[in-house]
Undergrad: 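I'd like to ask some things about the structure below.
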Amino acid sequence: MSDKLIVTRFAPSPTGYLHVGGARTALFNWLFARHTGGKFLLRIEDTDLKRNTPTALRQVLSDLRWLGIDWDEGPEVGGPNGPYLQSERLEIYRSYADRLLREGKAYYCFDTAEELDAMRARAEAAKQGFVYPRPAVFPDEKEVARARAEGRPVAIRFVVDAPRGFVVDDLIRGKVKFGPGEVGDFIIIKSDGFPTYHFGVVIDDELMKVTHVIRGQEHLMNTPCHQALQDALGFRRPAYAHMSVTVSEGGGKLSKRERPASLRKAIEKNATADRAALAAAGGLTTEALEDFLRGDCMPDMPAVEAMAKLLGVELPEINIVDFFRSGYLPETMVNFLGFLGFNPGGEREILRREELVAVFDIDRLTKSNSLFDRRKLAAFNTEHIKMCDPEVLLRHFKAYLDEVHSPLRAADDAMLSRMLRICLGARTLAEIERKCRFVFADDETIEFDPAAVDKVLRKDGGVGVLPLVARRLGELKNVTAEAVEEILRGLAEEKQVGLGKVAQPLRVAITGTTISPPIFDAVDMLGIERTLKRIATAVRRFGSGTSE
RNA sequence: GGUCCCAUCGUCUAGCCAGGUCUAGGACACCGGGUUUUCAACCCGGCGACAGGGGUUCAAAUCCCCUUGGGACUACCA
């Protein structure tokens with residue numbers, strides 16, 4: 001590593017929630033900066049008026065913070081190289097564009113979208129790559145004025161001059177060559193006056209003193225454009241590392257469209273679903289819903305989620321918030337994402353954040369694409385829940401409960417900590433929440449799982465032991481999990497049966513299901529009074545006529 | 001269509017750059033068994049890969065070429 005300060009950045013465009021792909025890019029840049037003691041900065045590339053929203057920006061920042069990815073310069077923290085929103089840097093881009101124009105390294109163009117489409121179609125028909133035909137003489141001010149008057153779009157194109165082609169020296173892939181004439185003149189200032197991505201990154205990376213650019217492989221093809229620009233402007237070249245792409249089960253790049261797509265599939269499969277009710281849930285017209293089903297349009301995320309909830313289908317997590325809402329820990333995400341396309345080489349895979357920072361290295365980034373494996377993610381989460389500091393875990397749990405508006409919010413810290421302790425081994429916080437929910441159910445209107453009742457209380461005659469269990473528990477003066485255990489074990493021994501014969505019926509009686517935390521704790525958490533009440537209810541409802 | 005990237009168990013990967021120590025290691029998943037008051041967790045065991053074909057070499061998962069397969073880009077999106 002050189003002695004120079006290393007500066008990396010993450011430069012999202014705020015078009016929606018931060019998704020796993022973006023988070024991984026951010027993470028690698030952050031890890032590299034932290035590993036080398038360099039700086040990590042955040043820049044917002046909000047130059048697409050049509051797609052950016054202010055709420056998306058807030059969401060991206062909060063998602064990064066949730067992951068524990070902090071930035072040394074950027075929105076809300078400031079820094080010497082601001083502003084960090086490209087939309088606030090328009091004069092800067094304009095002045096560089098003017099310079100290029102003056103030097104004959106850029107020129108105005110007035111093509112309409114239709115004309116451009118036609119040119120591209122012709123190129124493809126001729127089995128050629130499309131390269132914009134540079135005019136022999138660049139338009140002058142008069143022609144620009146005329147084009148404007150005619151209502152044509154006026155954009156600025158950069159003159160790509162590379163008789164020997166390009167060589168991108170990539171930290172991961174080595175030297176990647178591009179032949180001359182493969183990169184055409186591209187637009188640097190759009191007709192709305194905003195810079196294109198290519199122009200913005202090159203200028204900002206220079207001005208913000210970025211030394212290393214770690215980004216997705218999808219940008220490898222853009223790099224010659226960036227280098228041409230850097231040369232024309234007399235800029236330094238940052239080092240580039242183009243990482244592998246994360247692909248999804250269906251093949252192809254992991255995309256935000258996956259959630260709406262899987263909702264669409266679910267609706268199609270469920271022919272009996274009430275379309276009108278669905279549309280209403282999503283705040284859509286029925287026509288809009290049909291358009292969506294045909295693939296013509298995409299509703300926004302809240303609409304998609306509302307419809308999924310109504311249908312009772314689980315959408316695959318793709319945005320970072322989705323994972324939060326599904327009960328994953330930020331530590332898990334950092335560890336897992338950090339191992340997608342990176343591997344330190346040892347045999348350990350479960351690493352804490354500091355350990356990951358310590359072992360991270362650009363030249364251990366993988367070349368080939370990787371598949372996002374949700375099962376492995378779940379396994380990682382189990383491990384992180386187990387090794388998480390109890391206090392930190394409690395904080396995560398409370399944040400999760402708030403996010404999903406859980407009834408468990410009513411529990412105090414001692415109770416929540418206990419739930420976490422006895423549910424060790426759970427895959428997600430959601431699983432823990434589900435398991436412990438019974439404590440907050442109403443004693444009278446508890447919901448019974450018919451299969452559980454049938455199997456445990458009826459078929460196995462479990463309801464028969466319940467009165468005796470209730471009597472013994474009622475005699476308890478000092479209720480603790482241990483005391484409950486003693487009673488239940490004693491009872492089982494007396495009746496010459498396994499503990500399961502006593503524990504299962506009790507479990508179904510007080511939770512309505514066969515799944516719960518360890519039964520002794522479950523009774524203790526509920527309290528004897530409520531336990532007895534629930535047993536009585538169960539006996540009343542399922543006892544008559546089935547006693548053997 | 002054009003350009004570029006990639007290729008080890010089902011999946012994530014170690015090994016490849018500096019060829020022999022690789023009958024290819026780990027993790028997740030899966031299967032079998034154990035533990036057990038449920039679900040998990042836990043313990044033990046098992047299945048399982050160098051895409052194919054040519055070279056180079058005493059020797060190739062490792063180097064070269066071709067084929068095949070996958071992926072990215074091909075926008076006045078980023």
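Chain letters run A, B, ... following the sequence lines, proteins first, then strands; residues in each count from 1. Since the structure is predicted, the reported quantities are computational estimates derived from the model, not experimental observations.
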Undergrad: Side chains of Asn222(A) and Tyr197(A): any donor to acceptor distance under 3.5 Å?
TA: no
Undergrad: Are any of the side-chain heavy atoms of Tyr240(A) and His219(A) separated by less than 4.5 Å?
TA: no
Undergrad: Whole-Å distance between rA14(B) P and Leu340(A) CG?
TA: 12 Å
Undergrad: Could you tell me whether Lys376(A) and Glu349(A) make a salt bridge, using a distance below 4.0 angstrom between a side-chain N and a carboxylate O?
TA: yes
Undergrad: Does a donor on one side chain and an acceptor on the other come within less than 3.5 Å for Asn335(A) and Glu331(A)?
TA: no
Undergrad: Between rA60(B) and rG48(B), how far is it from one P atom to the other, in whole Å?
TA: 24 Å
Undergrad: Could you work out, with side chain to side chain donor-acceptor pair (under 3.5 Å) as the rule, every residue matching Arg489(A), not counting sequence neighbours?
TA: Glu485(A)
Undergrad: Please pick, from rC28(B), rC12(B), rC6(B), the nucleotide with the shortest atom-to-atom distance to any side-chain atom of Lys367(A).
TA: rC6(B)
Undergrad: With a 3.5 angstrom cut-off on both distances, give the Watson-Crick or G-U wobble partner of rA41(B), or none if there isn't one.
TA: none
Undergrad: Does any N or O donor sit under 3.5 Å from an N or O acceptor when you compare the side chain of Glu182(A) with the base of rG2(B)?
TA: no
Undergrad: Could you check whether the side chain of Lys376(A) and the base of rA27(B) have a donor-acceptor pair of N or O atoms closer than 3.5 Å, going by distance alone?
TA: yes
Undergrad: Which whole number of Å gives the distance between the C1' atom of rG26(B) and that of rG70(B)?
TA: 25 Å
Undergrad: Across the strands shown, which category fits Glu431(A) at heavy-atom distances under 4.0 angstrom: base, sugar-phosphate, nothing?
TA: sugar-phosphate
Undergrad: When all nucleic acid strands are considered with a 4.0 Å heavy-atom cut-off, which category describes Lys501(A): base, sugar-phosphate, or nothing?
TA: nothing
Undergrad: Expressed as a whole number of Å, how far does the P atom of rA29(B) sit from that of rU74(B)?
TA: 37 Å
Undergrad: Starting the side chain at C-beta, find the nucleotide from rU13(B), rU38(B), rU37(B) nearest to Thr514(A).
TA: rU38(B)
Undergrad: Tell me the partner of rG46(B), counting only Watson-Crick (N1-N3 plus N6-O4 or O6-N4) or G-U wobble (N1-O2 and O6-N3) with both under 3.5 Å; none if nothing fits.
TA: rC30(B)
Undergrad: Backbone N or O of His384(A) within a donor-acceptor pair of the Thr332(A) side chain at under 3.5 Å?
TA: no
Undergrad: Categorize Phe194(A) for me: base, sugar-phosphate, or nothing, with a 4.0 angstrom heavy-atom threshold over every strand shown.
TA: nothing
Undergrad: Does one side chain, of Thr223(A) or His242(A), offer a donor that lies under 3.5 Å from an acceptor on the other?
TA: yes
Undergrad: Is there a Watson-Crick or G-U wobble partner for rC16(B) with both distances under 3.5 Å, and if so, which one is it?
TA: none
Undergrad: Classify the nucleic acid contact of Arg173(A) as base, sugar-phosphate or nothing, counting any heavy atom under 4.0 Å across all strands shown.
TA: sugar-phosphate
Undergrad: Can you tell me how far C1' in rA41(B) sits from the matching atom in rU36(B), rounded to whole Å?
TA: 11 Å
Undergrad: Nearest of rG26(B), rU13(B), rC28(B) to any side-chain atom of Arg375(A)?
TA: rC28(B)
Undergrad: How would you label the contact of Leu499(A) with the nucleic acid (heavy atoms, under 4.0 Å): base, sugar-phosphate, or nothing?
TA: base
Undergrad: Measuring only the P atom in each nucleotide, how far is rG15(B) from rA59(B)? A whole number of Å is fine.
TA: 26 Å
Undergrad: For atom C1', what is the distance between rG20(B) and rC9(B), given to the nearest Å?
TA: 24 Å
Undergrad: Encode nucleotides 67-78 of chain B as B, S and - characters from 5' to 3', where the letter depends on protein heavy atoms closer than 4.0 Å: B to the base, S only to sugar-phosphate, - to neither.
TA: ----BSS-SBBB
Undergrad: Which part of the nucleic acid does Glu383(A) contact within heavy-atom distance under 4.0 Å: base, sugar-phosphate only, or nothing?
TA: sugar-phosphate
Undergrad: Could you check whether Arg348(A) gets within reach of a base, just the sugar-phosphate, or nothing at all, counting any heavy atom under 4.0 Å?
TA: nothing
Undergrad: Mind checking Gly174(A) for me? I need base, sugar-phosphate or nothing, with any heavy atom below 4.0 Å counting as a touch.
TA: nothing
Undergrad: Should rC73(B) form a Watson-Crick or G-U wobble pair with both distances under 3.5 Å, which nucleotide is its partner?
TA: rG2(B)
Undergrad: Decide whether Asp204(A) and Tyr93(A) meet the rule of one side-chain donor and one side-chain acceptor closer than 3.5 Å.
TA: yes
Undergrad: Does a salt bridge link Asp48(A) with Arg51(A), judged by any charged N lying under 4.0 Å from a carboxylate O?
TA: yes
Undergrad: rC44(B) and rC5(B): how far apart are their C1' atoms, nearest whole angstrom?
TA: 43 Å
Undergrad: Compile the donor-acceptor pairs under 3.5 Å between side chains in residues 507-516 of chain A and protein atoms, sequence neighbours left out, one pair per line.
TA:
{"from": "Arg507(A)", "atom 1": "NE", "to": "Gln504(A)", "atom 2": "OE1", "distance (Å)": "2.6"}
{"from": "Arg507(A)", "atom 1": "NH1", "to": "Ser516(A)", "atom 2": "OG", "distance (Å)": "2.7"}
{"from": "Arg507(A)", "atom 1": "NH1", "to": "Pro517(A)", "atom 2": "O", "distance (Å)": "3.3"}
{"from": "Arg507(A)", "atom 1": "NH2", "to": "Gln504(A)", "atom 2": "OE1", "distance (Å)": "3.4"}
{"from": "Thr511(A)", "atom 1": "OG1", "to": "Arg507(A)", "atom 2": "O", "distance (Å)": "2.7"}
{"from": "Thr511(A)", "atom 1": "OG1", "to": "Thr513(A)", "atom 2": "N", "distance (Å)": "3.1"}
{"from": "Thr511(A)", "atom 1": "OG1", "to": "Thr513(A)", "atom 2": "O", "distance (Å)": "3.0"}
{"from": "Thr511(A)", "atom 1": "OG1", "to": "Thr513(A)", "atom 2": "OG1", "distance (Å)": "3.4"}
{"from": "Thr513(A)", "atom 1": "OG1", "to": "Ile515(A)", "atom 2": "N", "distance (Å)": "3.1"}
{"from": "Thr513(A)", "atom 1": "OG1", "to": "Ile515(A)", "atom 2": "O", "distance (Å)": "2.9"}

Undergrad: Using the P atom on both, measure rC50(B) against rA18(B) and round to a whole Å.
TA: 26 Å
Undergrad: Can you build the contact string for nucleotides 44-49 of chain B? Use B for base contact, S for sugar-phosphate-only contact, and - for no protein heavy atom under 4.0 Å.
TA: ------
Undergrad: Round to a whole Å and report the spacing from CG of Leu377(A) to C1' of rU11(B).
TA: 13 Å
Undergrad: Glu115(A): what forms a side chain to side chain donor-acceptor pair (under 3.5 Å) with it, not counting sequence neighbours?
TA: Thr112(A), Arg152(A)
Undergrad: Taking a pair as Watson-Crick or G-U wobble with both distances under 3.5 Å, which nucleotide is matched to rA61(B)?
TA: none
Undergrad: Restricting to side chain to side chain donor-acceptor pair (under 3.5 Å), what partner residues turn up for Asp169(A), sequence neighbours left out?
TA: Lys175(A)
Undergrad: Mind checking if Arg215(A) touches a base, just sugar-phosphate, or nothing, with heavy atoms under 4.0 Å?
TA: nothing
Undergrad: Determine the contact category for Leu220(A): base if any of its heavy atoms lies under 4.0 Å from a base atom, sugar-phosphate if only primed atoms, P, OP1 or OP2 are that close, otherwise nothing.
TA: sugar-phosphate
